[in-house]
Amino acid sequence: MTGPILETRGLSAGYGKKKAVQGIDLRLAHGETLLVLGHNGAGKTTLMRAIFGLLKPMSGEVFYDGHAITGRIPARNVAEGIAFVPQGHGIFPSLTVRDNLELGGFVDADTAKKKKRIEEIYGMFPILRDRAGQIAGTFSGGQKQMLAIGMALMHGPRVLILDEPSIGLAPNLVGRVMESIAEIKARFDASVIVVEQNIKYSLPIADRVMVLKTGGVIYEGDPAPLNDHARLVELF
Amino acid sequence: MVRKIIASVMAAGLLAFAGGASAQEKPNDPASYKFGAILAMSGKADWYGKVMSRAIQLAVDEINAKGGVDGIPLEAIIEDHKSGVAKEGVSAMNRLISIHKVQAVLTSFSPPTLAIAPIADEKGILLLNGGGTSAALLKASQNMFHNRTLASDLGLAAVKWAETRGLGDMAQMVWKNDAGESVAASAQPYWEKAGHKVVATEFVELGASNIDTQVAKVRVSNPSWVGLWLFSPESGLAIKKLREFGVKAPLIGIEYTGDIKEIAGSQVEGFEYASDYFTPSDEYPWSRDFAAAYKARYGEDPEFYAANYYENVYVLAEAIRRARAKGGDYWDGRKLISAIRENPVFDSVYGGSMTYQSNGVAKKRVAIFKVEEGKGKFVQYVSLD
Amino acid sequence: MDLVIQLLLNGIVNGSHYALLGLGFGLIFATTRIVHFAFGSIFTFGAYVAWFVSGYMGAPIFLGLAAGVVVAMGLGVASYVGLYQPLERRGVSPLIPLIASLGLTIVLENLVGIIFGTGARTIDAETSIHFLGPAFFTSIHVWQVVSFLLVCVLLYLFVNYTRYGKAIMAMTDDPEMARVIGIDTARVSILVFALGSALSAIAALLVTLKDGASTHMGFTAVFMGFVAVIVGGVGSLRGAIAGGFLLGLVESLGLWKISTEWQSSIAFIVLFLMILLRPHGLFSLARR
């Protein structure tokens, strides 16, 4: 299949009258892992929310699989195979692990398929199986993150967007999360966008990198140059 | 000699002149006699506003059809106190005075009446009350006259009736406001002085929807009878609940309206109450003609609220007539008030005439009624002396 | 002792009524975060429509109930789609829908008076009176408790076993996450407005049968529903039920030895105590 699976052209979005990101052209190729880097306030989360539909763009367009989805509510995007793991534990804190996973597959009516999928996710994150009846809000940060990722996988997404999945996690857990992203790509044939501030752990899994600064793109391309410390300092 | 004649002629002339000066100044007539009426036109008690305004309009139209008062028409300006909100009454009063320059206001419901009383005193406005029944109204203003029996007197009539019937311990359900409490304040001491006990006193808020607790407590007190010091529609609810919860004792109250009947449903049978008694009779043609005219125009028989407000318009008209006879700037609240005080006797649509006492209340007859087949049947008159 | 049993019974009956109101109001509030004061005037509309069909026109009561429920649902959905949703879309502060709701309440209340006339309304129904030891209750009281229980069961099944029921629970817990997993929150909002209004119409019919309807009955209804939800814990349907029963029992048993002069204050006192001692209510959800 030619052409990017997800693409934005001149996308601008913000809150009230203020633009947080301006004129962004983003391309996600099939099977690719795109790493979006930038400081706090660079506009990374705003960009993801505008793509996914949680925020209405001010101008520009978003394309998925070749057709326009600009400003569509998330419900349609999820039904067509886009999943989003929001920053800070995208789970339902007062429901059980099992209920959370089932809700993750809300758009899918096929119960048998969902049961299978839950088993797969338990395979990836065994702790979720052990604690299936526990209230999700009582989990530790790392466990919540695994649940959040598990939820996002429930409907077998073709595009998975993760917003700062390592935030607040201990280093060994961060490694685990990055590993699982690689696993996801392999298992589900998904294309992934990872938004991160933590370069050390995320750079290794990236196929391409995009760096945002104060609402604009300042670098886009191969991850290799960013291994060079000097280059990093220059950018950040 | 000539000087004497000139002097006496001059004296006679002076006398004639002086006499002429003390004879009538020409009356200073307005284009129309605008008066206000502050009624319950909206809210839970809007039934009262409906019947009062109808009666007022009927009286105004009747008087104007006959040429008005000495040829000058009456004009009623109806305002709304939203079922007894004092603040609304004050706003209405201010509007009536500043915009319409009324000299008299027909008022209703104790709270707004108490609130506008100081304004009436200050601006010299005549207040005619045919509805509010709280005893506090008596002290509120020197400018107010009532053709409605005070609630406390109705309560007194009710307990006297209970005494006549030989009843024993009383439980009372009381409207939690001035009017209700004034009834309890007159009924309770009388009953205790007569050697009986008050076994329960339960309060009911205006607009209350849940009076189950009060009813349960009344039942448990095992009274010989229950005094319902409540008005429409709460008394209807009380009657229904008391009967449903198994209270078989006589229920004696101080009012009976369409809403009470509607809410109490079939349980209303046997309910007794004290009330101003308006009944048309051939003995008093005015009463008969008023009832017929009201029924013809509005399709319903008038009850005493309608009679009172109809009557008040005629009292106003008569007061105007008496003041006008003195000439000068007679269209003034204070002049109207002194006209009434000078001669407090007025024709009453109830029959015969009524006299405003020094406390401003016109003594009228109170009667006891019993509900039979949904209608209040006259039982007997009660003397309040 | 006789009094205590009667008061307990009254408390359970009235508690069922308030719990039903709490469920209706709470469903809307927890899911959409909208303080829908017009819930009260829609309640009134439900009562008057039921009166019109079963009282005025004399049709059987279940038809009056159906009519009341249908009209209430229609008004509830219309208030969301016509008033609250456009405000939501513009991203206004939560205060604005609250003010709009007050305006809507006034409009609807006046409309009831204009359409159906003011003045108390009752529906003639065959009611029987029963005893439980020394305590009395009527068949309407029984219906109040039974319909509450029925609603509870149906609601429980709906929320736990249907797709939209689960969507409601998700939205109640975290509205943004609900959007993230692909729930059309606008559609669910419409659903809860319909459901909540339907519940209010059921309560309204029963109250009309029991006490009669009046144009201002809605204020008490929404106030009690609101207090039940706050006391029970926002976001918790179980809490709304507990709050409702607490109110009903306090209004009756709470006045066992205290003069009924305090009745209207009691609800406020409970509310204040709750806010002071347990600001999140009896059953508060863990919130992020």
Side-chain angles (χ1 to χ4, degrees), chain B residues 40-51 82-83 172-174 176-177 180-181 200-222 232-234 236-238 240-247 257-268, chain C residues 1-11 13-14 17-18 55 109-110 113 117-125 127 129 131 134-138 140-141 207 210-217 219-221 224 247-248 250-256 258-267:
Chain B
M41 298 310 291
S42 70
K44 212 163 180 179
D46 57 5
W47 174 87
Y48 293 94
K50 186 177 73 174
V51 301
K82 304 201 169 120
S83 288
Q172 45 183 8
M173 289 185 72
V174 187
K176 192 159 168 27
N177 68 354
E181 285 165 5
T201 301
E202 302 303 327
F203 293 92
V204 175
E205 291 281 332
L206 269 77
S209 51
N210 177 13
I211 60 169
D212 291 352
T213 308
Q214 287 87 334
V215 170
K217 284 187 165 187
V218 164
R219 199 188 101 226
V220 158
S221 71
N222 211 10
S232 186
E234 276 74 40
L237 193 61
K240 180 170 199 254
K241 296 264 170 184
L242 283 165
R243 293 295 186 224
E244 279 178 352
F245 277 68
V247 176
T257 66
D259 271 3
I260 292 174
K261 175 177 171 207
E262 174 78 20
I263 296 198
S266 55
Q267 308 283 21
V268 82
Chain C
M1 198 53 211
D2 284 7
L3 181 60
V4 173
I5 295 176
Q6 182 70 65
L7 291 179
L8 181 63
L9 206 61
N10 293 350
V13 170
N14 287 310
H17 173 60
Y18 297 143
E109 258 191 16
N110 286 327
T118 56
R121 304 271 182 250
T122 55
I123 299 177
D124 271 329
T127 57
I129 302 179
F131 303 69
F136 286 76
F137 57 95
T138 68
I140 307 292
H141 294 150
V207 164
K210 188 171 80 163
D211 297 338
S214 66
T215 48
H216 298 282
M217 59 196 296
F219 174 73
T220 315
M224 286 316 208
L247 270 174
V250 164
E251 257 194 353
S252 59
L253 281 173
L255 294 170
W256 179 34
I258 302 174
S259 164
T260 44
E261 239 184 321
W262 291 94
Q263 181 171 52
S264 59
S265 320
I266 276 280

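Side chains included, hydrogens not; waters and symmetry mates left out as well; all remaining heavy atoms used. Letters go in sequence order (proteins before strands), and every chain restarts at 1.
Residue B/Phe203 holds its CZ atom at 11.5 Å from CH2 of C/Trp262, rounded to the nearest 0.5 Å.
Side chain of B/Lys240 to backbone of C/Lys210: a donor-acceptor contact under 3.5 angstrom is found. Under a 3.5 Å cut-off, the side chain of C/Thr122 and the backbone N or O of B/Gly265 do not form any donor-acceptor pair. Under the 3.5 Å distance criterion, the side-chain polar atoms of B/Lys217 are matched with a main-chain donor or acceptor of C/Leu255. C/Gln263 contributes a side-chain N or O that, together with a main-chain N or O of B/Asn210, makes up a donor-acceptor pair within less than 3.5 Å.
Neither the backbone nor the side chain of B/Ser42 comes within contact range of chain C, judged by heavy atoms closer than 4.5 Å. Residue contact with chain C, scored on non-hydrogen atoms closer than 4.5 Å, involves the backbone and the side chain of B/Gln214 alike. Using a 4.5 Å cut-off between heavy atoms, B/Lys241 contacts chain C through its side chain alone, with no backbone atom that close. Both the backbone and the side chain of B/Asp212 come within contact range of chain C, with heavy atoms under 4.5 Å apart. With a threshold of 4.5 angstrom between heavy atoms, C/Asp211 approaches chain B through its backbone and through its side chain. Residue contact with chain C, scored on non-hydrogen atoms closer than 4.5 Å, involves the backbone and the side chain of B/Ile263 alike.
When all heavy atoms of B/Ala216 and C/Asn10 are compared, the closest pair comes out as CB-ND2, 3.9 Å. When all heavy atoms of B/Thr213 and C/Ser252 are compared, the pair lying nearest together is OG1-CA, 3.2 Å.
Between B/Glu262 and C/Arg121 there is no salt bridge, since none of the side-chain N atoms of the basic residue sits less than 4.0 Å from a carboxylate O of the acidic one.
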Worked verdict on B/Glu244 versus C/Phe137 for side chain to side chain contact (heavy atoms under 4.5 Å, CB included): CA-CA 8 Å; B/Glu244 279 178 352; C/Phe137 57 95; over 6 Å; no
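Within a 6.0 Å sphere centred on CG of C/Asp124, other residues, nucleotides and ligands contribute 12 heavy atoms or fewer.
Counted by atom type alone, C/Thr260 and B/Glu202 present one or more donor-acceptor pairs between their side chains at under 3.5 Å.
By the 4.5 Å heavy-atom criterion applied to side chains, B/Phe245 and C/Gln6 are counted as neighbours.
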